[in-house]
Amino acid sequence: MNFPNNFTWGAAAAAYQIEGAWNEDGRGPSVWDVFSQTPGRVFENHNGNVACDHYHRWREDVALMKELGIKAYRLSLSWSRIMPDGTGAINEAGLKFYDELIDGLLAAGIQPWVTLFHWDMPQALQEKGGFLNRDMADWFGAYATVVAKRLGDRVKHWMTINEPPVIVGLGYQEGVFAPGLKCTHQECLLAAHNLLRAHGSAVQALRAHCVGPQQISIAHTSREPIPATRADADVEAARARYFGCVEERMWNLAWWADPIAFGKYPEEGLKNFAGKLPKITDADMALISQPIDYLAYNCYSGFKVAANDAGKAVDVPNGHGIGNARGTLPWLSIAPDAIYWAARWQTERYNLPIVFSENGFCNTDFVQLDGKVHDPQRIDFVTRYLDAVSRAIADGADVGGYFYWSILDNFEWAEGYKDRFGLVHVDYETQVRTPKDSFYWYRDLIARNGALS
Ligand code: GBH
């Protein structure tokens with residue numbers, strides 16, 4: 001495997017999944033507090049009240065990151081820790097937490113890559129409609145301004161929002177994630193538009209208030225069609241499916257990424273969703289299409305498709321990747337070609353450098369009798385995906401970095417603590433951290449800049 005010399009080796013996490021301290025030092029509630037504290041929403045009614053207690057143990061966690069040798073750590077900020085009501089009053093204790101964390105990371109030689117919003121909307125703003133409210137762009141811009149003024153002298157890499165289709169698709173449409181709504185497709189298209197406007201407003205705020213040049217993006221994700229063979233027809237069909245805008249579910253990547261890159265929604269979606277679209281003004285599109293500096297993309301799994309006689313992509317039966325192997329989450333098939341094609345196709349379409357802001361494997365890891373956590377499947381998974389990234393780079397894709405999800409086992413949203421993605425095992429009774437075999441493997445791989453031996 002070959003990677004450029006300046007390749008960014010990283011690991012990631014998100015505020016609600018690790019911090020805990022949900023009601024300490026002035027933090028306001030977020031939609032995920034309300035959702036997970038409502039019985040029946042999350043696996044065995046787990047919640048993020050304590051999580052990995054990272055709020056209190058961040059020094060220990062940064063020491064582990066330093067030992068791992070990552071160049072960058074992707075974290076997210078809890079909006080309601082910084083602004084308990086989402087707007088207005090600022091909670092100094094919340095800002096101070098991130099201020100110190102960022103200094104700690106920099107002192108350890110680790111660049112902080114900050115995501116402004118990873119799903120934990122302040123509950124006070126959800127009560128005003130959340131992304132259904134057109135004022136979201138102003139609220140999010142004001143929050144981004146507060147953050148930029150405090151952290152923007154040291155943070156150089158930003159993502160505005162994590163995974164729009166999960167927020168709107170799973171949170172507003174299917175209701176399986178917070179805020180647990182079951183909106184119509186029409187309402188979801190409105191939420192999507194307001195989300196994109198909020199993104200644009202945050203980009204403006206970061207540009208205006210950070211010191212020095214910034215690298216700004218938004219973390220996209222999608223479902224990944226993989227061409228069943230290298231035949232042109234299969235590749236074209238899979239690509240058309242990837243960028244197509246036909247689904248009423250929210251996984252149409254181009255619907256999210258094209259407006260930012262090109263200042264307009266894809267024609268195919270405008271046609272298919274006609275009659276359900278919100279009012280879209282030129283000023284909206286100008287706001288949404290503020291230039292960004294790179295593409296961040298979260299890539300986990302995929303499904304094989306082949307072209308039928310009409311050239312359309314049809315699913316290949318059982319085409320989920322490497323045999324029937326999966327992580328403990330049913331959607332997590334092992335499909336390294338997903339990351340290969342995502343890298344190539346996004347480079348071609350958007351002509352920006354790509355950073356894989358998440359990729360990882362979950363299992364039922366546990367501390368074995370020898371005191372270690374043996375996780376060969378995770379090592380195999382990451383090897384296969386990095387090999388695919390390396391092949392994509394050789395074939396012309398512009399990939400600048402890779403962030404393993406996640407540094408720690410953590411609160412896996414509606415799945416609670418059952419599925420473990422970490423390089424570091426967390427005992428949720430004692431909060432003891434145990435680096436897994438994959439931690440040491442990744443450490444050595446980083447030291448060799450990705451060469452296998
Ligand atoms: C990421 O989301 C999140 O950013 C992170 O917080 C989370 O912990 C991590 O992944 C692990 O889950 O094929 O229709 O069933 C991943 C988003 C959304 C990817 C659902 C898989 C399956 C869609 N996932 N998707 S479907």
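Both counts, for ligands and for their atoms, begin at 1 and track the order of listing. All values derive from a computational prediction rather than experimental measurement. Just so you know, these numbers use all the heavy atoms, side chains as well, and skip hydrogens, waters and symmetry mates. Throughout, numbering of the chain's residues begins at 1 and tracks the sequence.
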Item to complete: Any atoms of ligand 1 less than 4.0 Å from a non-hydrogen atom of W119? List them with their elements.
Response: 2 (O), 3 (C), 4 (O)

Item to complete: Please could you name the atoms of ligand 1 that V166 approaches to less than 4.0 Å, counting only its heavy atoms?
Response: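 Counting from 1, the qualifying ligand atoms are 17 (C), 18 (C).
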
Practice prompt. Check whether NZ of the Lys or CZ of the Arg R150 lies under 6.0 Å from the centre of the six-membered ring of Y98 and within 45 degrees of that ring's axis.
Written response: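 No, R150 and Y98 do not form such a contact.
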
Distance from [atom] to nearest protein heavy atom, with residue and atom:
{"atom": "atom 5 (C) of ligand 1", "answer": "E358 OE1, 3.5 Å"}
{"atom": "atom 9 (C) of ligand 1", "answer": "Y300 OH, 3.3 Å"}
{"atom": "atom 2 (O) of ligand 1", "answer": "E163 OE1, 2.8 Å"}
{"atom": "atom 15 (O) of ligand 1", "answer": "W331 CB, 4.3 Å"}
{"atom": "atom 13 (O) of ligand 1", "answer": "R223 NE, 2.9 Å"}
{"atom": "atom 8 (O) of ligand 1", "answer": "E412 OE1, 2.7 Å"}

Worksheet item: Is there a nitrogen or oxygen of N410 sitting under 3.5 Å from a nitrogen or oxygen of ligand 1?
Response: no

Fill in: Min N/O separation Q17 to ligand 1 under 3.5 Å
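For ligand 1, there is an N or O atom that lies under 3.5 Å from one belonging to Q17.
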
Worksheet item: Under a 4.5 Å cut-off applied to non-hydrogen side-chain atoms, are L151 and D99 in contact?
Response: yes

Practice prompt. State, yes or no, whether a side-chain contact exists between W119 and N162 at a heavy-atom distance under 4.5 Å.
Written response: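 Yes - at least one pair of side-chain heavy atoms lies under 4.5 Å apart.
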
Fill in: Positive for ring-ring contact (aromatic ring centres under 6.0 Å, His included) with F403, one of F356, W9, W113
W113

Worksheet, complete the sentence: Interatomic distance, CG@L352 vs CD1@I260, rounded to 0.5 Å, equals 10.5 Å

Fill in: Pair R391 + D387, salt bridge at N-O below 4.0 Å
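The answer is yes: the pair qualifies as a salt bridge.
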
Worksheet item: Hey, looking at atom 20 (C) of ligand 1, which of F303, Y16, W251, F411 has the closest heavy atom?
Response: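 Considering heavy atoms of F303, Y16, W251, F411, the nearest to atom 20 (C) of ligand 1 sits in W251.
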
Worksheet entry | Heavy atom of R249, distance to ligand 1 below 4.0 Å | yes

Worksheet item: Could a heavy atom of T221 be found less than 4.0 Å from some atom of ligand 1?
Response: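 No, that is not the case, since the closest heavy atom of the residue is not under 4.0 Å from the ligand.
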
Fill in: Part of N162 with heavy atoms under 4.0 Å of ligand 1, whether side chain, backbone, both or neither
side chain

Worksheet, complete the sentence: Nearest heavy-atom contact between P259 and L196 is CG-CD1, 4.1 Å

Discussion item. Does Q204 form a side chain to side chain donor-acceptor pair (under 3.5 Å) with S201? I'd like the steps, not just the answer.
Written reply: CA-CA 5 Å; Q204 280 185 336; S201 157; 5.4 Å; no

Fill in: Residue among R420, K418, R378 satisfying salt bridge (charged side-chain N to carboxylate O under 4.0 Å, His left out) with D365
R378

